[in-house]
Q: 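I am attaching a structure below and will ask some questions about it afterwards.
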Amino acid sequence: MAYAPVVITDLKQWFEKRHFIKRQGKKIGFVPTMGALHQGHLSLLEKSRRENEVTVLSIYVNPTQFDNKEDLAKYPLTLERDKTLAHKAEVDFLLAPTFEQIYPDKYRYKVSESDFSSKLCGSHRPGHFDGVLTVVMKLLNIVQADRAYFGEKDFQQLELVRGMVEAFFLTTEIVPCPIVREEDGLAMSSRNVNLSAEARSLASRFPAALRDSLSASEAKARLKLEGFEVDYVEDIGTRRLGAVKVGGVRLIDNVER
Ligand code: PAF
């Protein structure tokens, strides 16, 4: 197994390392996460390892993207386990910054988008995408990667990040990565650990309803009948996107239609 990743909590230390990596002309791949790593994250890390000489993983539970304090309090924190998984995945650098390091401005400055961010998840989670875009902008500037890897499960996030990178002439290439699913079809997510046994067994019907229904409204009706609280199901381009709550846990997913 490779060396354990260098764990960096002080960004100054990263800036020095970055200087040397860049001077050696090595390509940097970056996987931003909020930790509680699962197979989906590991697939992003694998792709980054294949395509770059240096892989950087960030673990930062970004408070500004949580519209709901309870959701933030319940977010799983598994740093020691994540370090072991990062080691196995041959991550070179693990950035685990503090709020003070990421937000020296105390979130006085933010990045916002004025159209798509208020739709779908944005219409149910006020301020969520401002928090996401702001932290992603900061992380992209901090890491200065050649490529950054984002999962397609968070499809709206991916589209908004792509748009931001284009709008602000950022130089990191955004690489979309396919959704990784459990055997029964449920998309992997850090929040899945919060599902009770009962909610977990119902949860696999969510992707099934998105996939097997003839229209978004049929999927919505079917999910309601099955006991989900439905935030939305909408067809956008060639995708059907949805968000539901089951047993107090919010799940999002999307399928090609
Ligand atoms: O997708 C996530 O885990 C988060 O939204 C991200 C991109 C790491 C920003 O906090």
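These values consider heavy atoms only, across backbone and side chains, with no hydrogens, waters or symmetry-generated copies. On a predicted model such as this, the values are computed, not experimentally measured, just so you know. Note that ligands are numbered from 1 as they come in the structure, with each ligand's atoms numbered from 1 the same way.
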Q: Tell me if a side-chain donor or acceptor on Glu218 pairs with a main-chain N or O of Ala209 at a distance below 3.5 Å.
A: no
Q: Between the side chain of Asn62 and the main-chain N/O of Gly131, is any donor-acceptor distance below 3.5 Å?
A: yes
Q: Pull out every atom of ligand 1 sitting under 4.0 Å from any heavy atom of Gln65, numbered as shown with elements.
A: 4 (C), 5 (O), 9 (C), 10 (O)
Q: For ligand 1, note which part of Thr33 has a heavy atom under 4.0 Å away: side chain, backbone, both or neither.
A: backbone
Q: Taking only heavy atoms of Val135 into account, list the atoms of ligand 1 that are under 4.0 Å away from them.
A: 9 (C), 10 (O)
Q: When the aromatic ring centroids of Phe66 and Tyr75 are compared, is their separation below 6.0 Å?
A: yes
Q: Does the cation-pi check pass for Lys17 over Phe15, that is, NZ or CZ under 6.0 Å from the six-membered ring centre and within 45° of its axis?
A: no
Q: For atom 5 (O) of ligand 1, what's the nearest protein heavy atom and its distance?
A: Gln157 OE1, 2.7 Å
